[in-house]
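As structure tokens, the structure follows; a few thoughts come after it.
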2 protein chains.
Amino acid sequence: MRSLSDLIEQYLREQLKKVETLEIQRRELARMFRCVPSQINYVLETRFTINHGFLVQSRRGGGGFIRITRLNWEPGEEFSEILEELLEIGVSQEEAELILKRLIQTAVLEYEEAVLLNQVLQDVLINEAERNGLGGEEQNQLRARVLRALLLFVSGRAHAR
Amino acid sequence: MRSLSDLIEQYLREQLKKVETLEIQRRELARMFRCVPSQINYVLETRFTINHGFLVQSRRGGGGFIRITRLNWEPGEEFSEILEELLEIGVSQEEAELILKRLIQTAVLEYEEAVLLNQVLQDVLINEAERNGLGGEEQNQLRARVLRALLLFVSGRAHAR
DNA sequence: GAAACTAAGGTCAGGAAAGGTCAAGAAGAG
DNA sequence: CTCTTCTTGACCTTTCCTGACCTTAGTTTC
């Protein structure tokens, strides 16, 4: 017999087949499944993580909501693997900006956050490149490492918001 | 269901797509959305800050208004290269004030504008330093970035005049 | 020209409406 | 029986909205 968590997961996945981004109210969903609200958190934490290919964001207070976004990574590929890939191939400044733009479009980042991240990225690169005289390829490697760190940070923070 | 604040934000952003500077009356806007005037302040304070890329000014009394300016973060031309240098070295509070003074002397800025920019600069620093516990060097870096953004905005506007 | 009036916008604290966290017990799996 | 997963409830934090009261800037009156 399937658990309640399984049923909730199934329901949410069903919805997420139709749309890329789903906005729900924790209260509402809990009422639908006649469970305690924190049960919803449990489902999200165990079944809709970044490694499952989802991004969960939320807002408290009046009119609060939980937003689940289905990330369109290649099937089977995990977020962390994508980041590892970045490391191997390196990231040019243009590619980095493309990645950030995409993250804005998918509402992972606010515009001003992306601007700030990009600036941080450039700062680090300028500093390091000058100090250690990095070649183009080495710069791309460094950029990949920094971008990866930033994105891991952002994805970790996403659920808390 | 979206909150009233979201709707007001949406409306203002819509308007600000068409124009760079928007002048509204708090009363009027509050009447449109059938809310208390201070609700407007709440929206401005939480969604139209410097970090969101907006500058909000206002005047009280008869014929009072609220002016929202969309900051142009797009990098400019040569002027920006000078500003990029700021990024590398960081800017202390004293240096920032010196820079602003020089800009007044060279008639790039009005005195009141410089005072305003300085205030904005300090606001941002106080906020960020408190929230993230920045060290002295990090503060200088952040100050450089913010000052750069502010000056880019001002210089962009100067061209328009 | 100063005082009183009027017409704005600003501040702040409190309550309500969400969602988050955590620990403990229950239920399943092996 | 033991280990993991699930479920619940008490308590916490954040966000939103309102209303009472304050400040500022024109306008009118004397």
Side-chain angles (χ1 to χ4, degrees), chain A residues 1-12 21-52 54-69 107 110 155-161, chain B residues 1-12 21-52 54-69 112 115-116 119-120 123 126-127 130-132:
Chain A
M1 144 107 177
R2 313 261 293 287
S3 70
L4 179 55
S5 289
D6 287 339
L7 292 180
I8 298 175
E9 175 189 5
Q10 190 182 25
Y11 171 78
L12 290 176
T21 292
L22 182 62
E23 258 182 36
I24 52 167
Q25 296 217 256
R26 195 180 71 152
R27 289 237 143 166
E28 195 48 46
L29 195 57
R31 209 172 299 149
M32 271 182 60
F33 286 92
R34 269 167 222 150
C35 65
V36 125
S38 57
Q39 174 85 37
I40 307 302
N41 295 80
Y42 178 73
V43 173
L44 294 176
E45 280 157 22
T46 55
R47 293 152 157 89
F48 289 87
T49 70
I50 210 82
N51 276 339
H52 288 96
F54 297 95
L55 184 72
V56 177
Q57 301 168 288
S58 67
R59 201 156 79 195
R60 304 184 181 189
F65 58 81
I66 293 177
R67 182 188 306 151
I68 311 174
T69 305
E110 303 276 333
S155 70
R157 192 203 43 173
H159 190 260
R161 285 200 312 181
Chain B
M1 175 183 117
R2 309 262 284 298
S3 69
L4 179 56
S5 290
D6 287 339
L7 293 180
I8 298 175
E9 175 190 5
Q10 193 180 23
Y11 171 77
L12 290 176
T21 293
L22 182 63
E23 259 182 35
I24 52 166
Q25 296 218 260
R26 195 180 71 151
R27 288 240 143 163
E28 194 46 46
L29 194 56
R31 209 172 299 149
M32 269 182 61
F33 286 93
R34 268 168 223 149
C35 65
V36 126
S38 57
Q39 173 85 35
I40 306 302
N41 295 80
Y42 178 74
V43 173
L44 294 176
E45 280 157 23
T46 55
R47 293 152 157 88
F48 289 88
T49 69
I50 277 285
N51 279 339
H52 290 91
F54 297 95
L55 184 69
V56 176
Q57 303 167 289
S58 67
R59 200 152 81 200
R60 305 184 180 189
F65 59 83
I66 293 178
R67 181 187 305 150
I68 311 174
T69 305
E112 292 87 282
V115 169
L116 189 67
Q119 243 149 37
V120 168
D123 278 6
I126 286 169
N127 275 339
E130 263 189 17
R131 194 175 312 159
N132 304 326

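In what follows, chains carry the letters A, B, and so on, assigned in the order in which the sequence lines appear, proteins first and then strands, with residues in each chain numbered from 1.
- Across all strands shown, A/Arg34 has no heavy atoms under 4.0 Å from either base or sugar-phosphate atoms.
- Counting heavy atoms from C-beta outward, B/Arg26 and B/Ser58 have side chains that stay 4.5 Å or more apart.
- For B/Arg47, the salt bridge (charged side-chain N to carboxylate O under 4.0 Å, His left out) test picks out B/Asp6, B/Glu9, with sequence neighbours left out.
- Within the model, atoms CG of A/Leu44 and CD1 of A/Ile24 stand 6.0 Å from one another, a figure rounded to the nearest 0.5 Å.
- Between the CG atom of B/Leu4 and the C1' atom of C/dA17 there is a distance of 14 Å, given to the nearest Å.
- Between the side chain of A/Arg26 and the base of C/dG20 there is at least one donor-acceptor pair of N/O atoms closer than 3.5 Å.
- A heavy atom closer than 4.0 Å to some atom of DNA chain C occurs in B/Ser38, B/Asn41, these being the qualifying members of residues 36-46 of chain B.
- In this structure, A/Phe65 places its CZ atom 11 Å from C1' of C/dG19, rounding to the nearest Å.
- Once rounded to the nearest 0.5 Å, the distance linking CD1 of A/Ile8 with CD1 of A/Ile40 reads 4.0 Å.
- Here the P atom of nucleotide C/dA27 and the CG atom of A/Leu7 are 17 Å apart, to the nearest Å.
- The CZ atom of B/Arg60 sits 16 Å away from the C1' atom of C/dT6 (whole-angstrom rounding).
- Atom CD of residue B/Gln25 and atom CE of residue B/Met32 lie 13.0 Å apart, to the nearest 0.5 angstrom.
- Scored by the side-chain contact (heavy atoms from CB on, under 4.5 Å) test, B/Thr46 finds B/Tyr42 as partners (sequence neighbours excluded).
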Pairing of DNA chain C as dot-bracket, 5' to 3': ( ) intra-strand, [ ] crossing, | other strand, . unpaired, with Watson-Crick or G-U pairs under 3.5 Å? ||||||||||||||||||||||||||||||
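- Across the protein-nucleic acid pair, A/Gln57 atom CD and C/dA18 atom P stand 20 Å apart, rounded to whole Å.
- For C/dG10, one of the phosphate oxygens OP1 or OP2 lies less than 4.0 angstrom from a side-chain nitrogen or oxygen of B/Ser58.
- Residues that satisfy the ring-ring contact (aromatic ring centres under 6.0 Å, His included) test with B/Phe65, not counting sequence neighbours, are absent from this structure.
- In terms of heavy-atom proximity, B/Phe48 sits nearest to B/Ile68 at CD2-CG2, 4.1 Å.
- In this entry the distance linking CD1 of A/Ile66 with C1' of C/dA18 reads 10 Å, nearest Å.
- The line from CZ of B/Arg59 to CZ of B/Arg67 is 8.0 Å long, rounded to the nearest 0.5 Å.
- Within the 4.0 angstrom heavy-atom criterion, only backbone atoms of the sugar-phosphate kind lie near B/Gly64; the bases stay farther away.
- Where DNA chain D meets chain B (any atom under 4.0 Å from a heavy atom), the bounding nucleotides read 5' to 3' are D/dT15 to D/dG26.
- Residue A/Ile66 holds its CD1 atom at 11.5 Å from CD of A/Gln57, rounded to the nearest 0.5 Å.
- Under the 4.5 Å side-chain criterion, counting only non-hydrogen atoms from C-beta, A/Leu12 is not in contact with A/Phe54.
- Regarding A/Arg27, its CZ atom lies at a distance of 13 Å from the C1' atom of C/dG20, rounded to whole Å.
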